[in-house]
Amino acid sequence: MNSIQSLVKDLADTHGRKRESLLPIMQGVVTREKFLSEYAMVEIAREIDISAAEVYGTATFYSFLETQKMGKYVIRLCKTITCSMKGKNQILLAIQNMLKVGLGETTSDGKFTLLETNCLGWCHKAPAMLINDEVYTELTPEKVRETLTMYMNKNDEN
Amino acid sequence: MSDKINITINGLPVKVNKNLTILEAAELEGIRIPTLCYHKDLCVAGNCRVCVVELIGQKRLSAACATPCEEGMEILTNSLKVRNSRKHIIELLLSEHNADCTKCYRNGNCELQELASEYKIMTQDFLELVPFKNYTIDNFSPSIIKDDSKCIRCQRCVRTCAELQGVNALTVSHKGDQMKITTFFEKHMNEVICTSCGQCVNHCPTGALVEKNYIEEVWEVITDPKKHVIVQTAPAVRVGLGEEMGLKPGTRVTGKMVAALKRLGFDSVLDTDFTADLTIMEEGTELLTRLKKALVDKDENVRLPLTTSCSPGWIKYIEHMYPEYLENVSTCKSPQQMFGALAKTYYAKARRLDPENIVSVSIMPCTAKKYEAARPEMYDSGYRDVDYVLTTREMAILIKQAGLDFNKLEPVKFDRLMGESTGAGVIFGATGGVMEAALRTAYEIVTGREVPFDNLNITPVRGLEGVREATIKIEKPVKEWAFLDGIELKCAVAHGLANARKVMDAVKSGKADYHFIEIMACPGGCLGGGGQPIPTNPEIRKKRAEAIYAEDGDMPIRKSHMNPEITKIYKDFLKEPLGEISHHLLHTKYIKRERY
Amino acid sequence: MANSYLLKRADFIFRNENDWEQILSNSIKKKPQALINELISSELKGRGGAGFPTGLKWKLAAEAKSDVKYIICNADEGEPGTFKDREILSKVPFKVLTAMAVCGYITGARQGYIYLRGEYKFLEDELNKVIDEFEYYCKEIKLDFKIDVFMGSGAYICGEETALMESMEGYRGEPRNKPPFPTLEGYEGKPTVINNVETLAHAYTIFKEGAKKFYDLGVQYSRGTKLFSVSGDTPKPGIYELELGMSLQDFVYEFGDGDTKAVQVGGASGFLVPRKKFKDAAIGYQGKLTGISLPTGGSMMLFNSSRSMYNVLDNYLEFFREESCGQCTPCRVGCQQLLLGIKAVKRGEKPASYLEKLLRLTETMQYTAKCGLGQSVANSFSSIVENFREEMIY
């Protein structure tokens, strides 16, 4: 059994093998692998006994269940109205200049993927962004550069 | 004691059964509310919003298909608010639709077109969205073409593939303006579990899902003097073709069908029912051989239950989903493919034709047959066994293009040598038919007597329930089959792949102890196939089934083994069932496929 | 024009006296009908935006006949400009859990869920710890009630109650047909009470302080207090608990930056009120924007004169175009038509009169869309286009 298979099996052992278990299992795979590969989806389909197409159709509905390969750190910058008013475009430029990627792209070292997302619920401290599950608010170009530098220097294994 | 409630529809007071939807209640009162996503075969979706009606006192409109009637409801089906809203809905659908109707296969038989015509949508004030979309067309499958630019996202195909067939090859993906209907990872239909059953094509209201047609190719060979074009017709075609010609569902048009094919220019007009009879000989022998191996030789390797193999949709399904049971499937080819292999060998020899110049065409109620004919192993004659498969719908197009007045044609008989059939052959077109045909022959072989059913009508295997079971006790068999004395032959019949799954799961879990299972991929059997006239619904399929059994009842010979052409082919060519030549031409192998 | 009227602030939600154990054990000693009556007489209405009477909802679920029932806390806060539920779950989660458990006691439900939006995943661990402590106490007082957290994965539409339940069942978050309503057939087809986080927090206040104290605040049809999430061009962004029924003029006086051009009340699904209408608008549940507007969750976004209302509308429509589930025609195609439509008018590709056609389209969307998302696009579209027409064209 390879690592995806055992991951899916463990997740199914934890969450069950019914249709209700689908979202938690997909979330578990995304947490570790950062995205749902074709292979992972077939394994999930096999484990819960639904069709692969159903897994794909459900996954693609949810913005955080990516089906394309993602970097280790996924940046999600809020683009809804208040963050937009409070300088999100400057933040976007700062990130793009620093990481040399555009929206939807991943850095060549596979570390960062830059995405936009909708209202994160931090409008009183706009602009805001998520990096994986961590939230960063009251962003300024300097703050963003500091934060990204911190991530670049992270030596973690997961 | 019925629960009736009082409502008004367009001001008329009406008493209706409780729990009817507004749509159903209106229909009973003779009021047609237009729909798109609604279909009698499927669960209610309520997403197109075309069927909205006004309830007096409520600001928002309600979807008639999804709203149950309640006491005191005052319904308006054609108020100004309803009309304006409905017009907007249609305009919105048209704005994201490839509305180039003259170039569309469903031109003239499209539900969106009908709606636009009914509401006289003569201008498009909204913006055209099609140029902003990157719609794709998938025409990689030999049977089905999927054109996203014509999809109105009613999800009928998804619900069909899920509820009716249990295959779930199609899904809705993404959301918002990116929402679309697609396959696993948006692969081509022929790269995934799609069985080509074509039920999605039957249920699609527009031209988003159509069969791949071979009309031009067939005209070309018909009009090529060097080619000898043989055509075979499936049993279900003769009870469906009439609907394309304006006749009532369930009208039998066998003689006219043959006459039309002759007029179209086919050189030999023969009958798939002939090879249906042949299938019974081969498969019946196969079943009895397996029973002998299991019960007498105590061979542990022999696989029971035996399942039928004439439905290519079923074959593809089991290859994907239950590959460990492939050896349970009969090695017999389908009647279409048996015919194809024989046309370029047996028939060619007998008629002194060069098989190089023979083109083998079939008319099928089925889209999966197109896929089956294109399977790489179907070349046992030395050539491609079946060159082109046309659906019932395509045959109707040929007839119309030729300017034939179908209803005036005098009935004509099939040509000889592979054109004679029995009642057992024709009932292949209905669910339960293969089982019944097989039992009529196998029982007689084993006991020397006819099946103990009135007039040979084995009613327990007939009908339209999803899964049916029948048990036949073998008593006083002839000497050769003495080992079967007292055995209760347990049979099961399933139609629609969702029911096939039920049966296979029962077999897998050990709960089922059948000996023989007939599986048809399509609801109703082939008569409800993906190539039959559109629309389809339970009433229409019931009428077609009645026609099939009526056809059977009227035939002079009703048992496959009594077909003189069958006797002849064994005497002159095949020698014996499961013999060497049979193995080479009439039997096949299956392939394990991916789960997606 | 100076006005010394002060917005009536309150402090019920975030004041934490750590008395949840007492409130819970006292509540379950009362008769369920008595508790329902408290809620009904308080006239508490749903604080997520739809404003359905909470007491009635719990009553219907209690009357439904089923062995299995569910209580779901809707923490899928996604309406732009709303961030109060996050604060409640961070600061006073026990109030929410208590209210859920009392609801369970009243209705007969033994299982509760908190549907937490994926963007708030950082709350999950702490919330689970709190739940563990809570369940421990429930066991002690012999109350059969368990709570589990269900994580969302980035879909605004899952805040709609039936879409939320679809999501929990493992499907795409596509709203269902109503009827049947969740109180009869909800999660897994069982009677389900689904309430916004804040609604549950207010229910806690009512169980603690009594219905009258809640009822005495606010105005007719809009009793009690509400949390407002204030952001945008304001010197005081943040969360404020205010009595309902306040005038928008007073609100702007308190929270504006002196140059407030317009206020978006209720997020992208709500109404934009221009300066000239501030004095006519009050915040509460009642009818349309002739005097009273709907809080739709309490999002209040202030725009000053430097803001282009065209950009604002464009931003909302982009949001809806992406977040629509896509199943129903009016919303899926309508949102695209509206967004591309205003762009075309702005670029001069369509005449200004095309805006009228779009306004009529939003009416159709309001009448025919399958769920609140499609039905509410008309709110911001019509209020912005009608009040700032010039900005759409030039």
Side-chain angles (χ1 to χ4, degrees), chain A residues 15-28 30-31 36 44 48 50 54-66 74 76 78-86 88-89 115-138, chain C residues 77-87 117-122 124 150-158 166-174 187-188 229-234 236-239 264 267-268 299 301-304 306-307 311-316 318-319 322-323 325-326:
Chain A
H15 297 289
R17 286 174 168 78
K18 299 181 290 186
R19 185 68 196 238
E20 299 93 74
S21 326
L22 179 59
L23 245 72
I25 293 178
M26 290 197 293
Q27 287 160 357
V30 170
T31 301
L36 289 160
I44 295 174
I48 313 187
I50 59 177
E54 285 179 278
V55 178
Y56 179 76
T58 311
T60 51
F61 181 85
Y62 297 94
S63 307
F64 285 15
L65 298 179
E66 297 286 345
V74 181
R76 289 193 166 92
C78 175
K79 64 174 163 124
T80 310
I81 188 66
T82 308
C83 287
S84 191
M85 277 162 42
K86 296 289 180 182
K88 153 249 175 193
N89 277 338
L115 301 173
E116 275 182 332
T117 191
N118 281 317
C119 184
L120 293 172
W122 287 94
C123 322
H124 58 326
K125 298 196 175 164
M129 71 179 177
L130 285 172
I131 300 186
N132 290 355
D133 295 328
E134 295 300 315
V135 69
Y136 298 92
T137 61
E138 291 173 308
Chain C
E77 177 170 69
E79 189 64 55
T82 321
F83 37 93
K84 46 146 182 119
D85 291 337
R86 182 180 39 71
E87 279 292 294
R117 70 185 301 222
E119 293 84 338
Y120 290 169
K121 191 158 163 69
F122 50 83
E124 192 188 11
F150 188 96
M151 291 304 303
S153 279
Y156 164 79
I157 186 61
C158 286
E166 284 290 297
S167 179
M168 281 182 65
E169 290 182 18
Y171 296 100
R172 297 162 51 84
E174 293 181 354
Y187 177 59
E188 307 267 315
S229 310
V230 183
S231 67
D233 295 319
T234 167
K236 307 182 200 176
I239 299 170
Q264 183 80 25
S299 158
M301 296 189 286
L302 292 96
F303 303 115
N304 64 26
S306 75
R307 304 298 175 192
N311 285 347
V312 170
L313 181 57
D314 183 279
N315 193 286
Y316 294 160
E318 180 80 49
F319 177 83
E322 277 178 25
E323 296 289 348
C325 76

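This is a predicted model, so every value here is computed, not measured. Residue numbers begin at 1 in each chain, while the letters A, B, ... track the order of the sequences.
At a 4.5 Å heavy-atom cutoff, C:Asp85 makes no contact with chain A through either its backbone or its side chain. With a 4.5 Å cut-off on non-hydrogen atoms, C:Met151 touches chain A through its backbone and its side chain both. Proximity to chain A (any heavy atom under 4.5 Å) is restricted, for C:Leu302, to the backbone atoms N, CA, C and O. With a 4.5 angstrom heavy-atom cutoff, A:Leu130 touches chain C only via side-chain atoms. Looking at C:Glu322, the atoms closer than 4.5 Å to chain A (heavy atoms on both sides) all sit in the side chain, from C-beta outward. In this structure, the portion of C:Glu188 lying under 4.5 Å from any heavy atom of chain A is its side chain and not its backbone. Looking at C:Cys325, the atoms closer than 4.5 Å to chain A (heavy atoms on both sides) sit in the backbone and in the side chain alike. Only the side chain of C:Phe150 comes within less than 4.5 Å of a heavy atom of chain A; its backbone N, CA, C and O stay farther away. With a 4.5 angstrom heavy-atom cutoff, A:Lys125 does not touch chain C via any of its atoms. Looking at C:Ser306, there are no atoms closer than 4.5 Å to chain A (heavy atoms on both sides), in backbone or side chain. Using a 4.5 Å cut-off between heavy atoms, C:Ile239 makes no contact with chain A at all. Interface residue C:Val230: only backbone heavy atoms are found under 4.5 Å from chain A.
No hydrogens or angles considered: a donor-acceptor pair under 3.5 Å links the side chains of A:Tyr62 and C:Ser167. In this model, no donor atom of one side chain and acceptor atom of the other lie less than 3.5 Å apart for A:Glu54 and C:Tyr171. Residues C:Ser299 and C:Gln264 have side chains that never bring a donor and an acceptor to within less than 3.5 angstrom of each other.
Taking 4.0 Å as the cut-off between side-chain N and carboxylate O, C:Lys84 and C:Glu87 do not count as a salt-bridged pair. A salt bridge is absent between A:Glu134 and A:Arg76: the closest approach of a Lys/Arg side-chain nitrogen to an acidic carboxylate oxygen does not fall below 4.0 angstrom.
For C:Ser229 (side chain) and C:Thr82 (main-chain N/O), no donor-acceptor pair under 3.5 Å exists by modelled atom type. Under the 3.5 Å distance criterion, the side-chain polar atoms of C:Glu323 are matched with a main-chain donor or acceptor of C:Tyr156.
Within a 6.0 Å radius of NZ in C:Lys236, other residues, nucleotides and ligands contribute more than 12 heavy atoms.
Most heavy-atom pairs under 4.5 Å with chain A: of the set C:Arg307, C:Glu318, C:Met301, this distinction falls to C:Arg307. Contact count versus chain A (heavy atoms, under 4.5 Å) is highest, among C:Pro237, C:Ser231, C:Ser153, for C:Ser153. Chosen from C:Pro80, C:Gly118, C:Gly154, the residue pairing most often with chain A at heavy-atom distances under 4.5 Å is C:Gly154. Options A:Asn132, A:Asp133, A:Thr82 differ in how many heavy-atom pairs under 4.5 Å they form with chain C, and the most are formed by A:Asp133. Ranked by heavy-atom pairs under 4.5 Å with chain C, the list A:Gly57, A:Cys83, A:Gly121 is led by A:Gly121. For the options C:Glu77, C:Arg117, C:Glu174, heavy-atom pairs under 4.5 Å to chain A are most numerous at C:Arg117.
Judged by the 6.0 Å distance and 45° axis criteria, C:Arg86 is not positioned over the aromatic ring of C:Phe83.
With sequence neighbours excluded, the residues that form a side-chain contact (heavy atoms from CB on, under 4.5 Å) with A:Ser84 are C:Asn315.
Note: A:Met26 CE to A:Ile48 CD1 = 8.0 Å, rounded to the nearest 0.5 Å.
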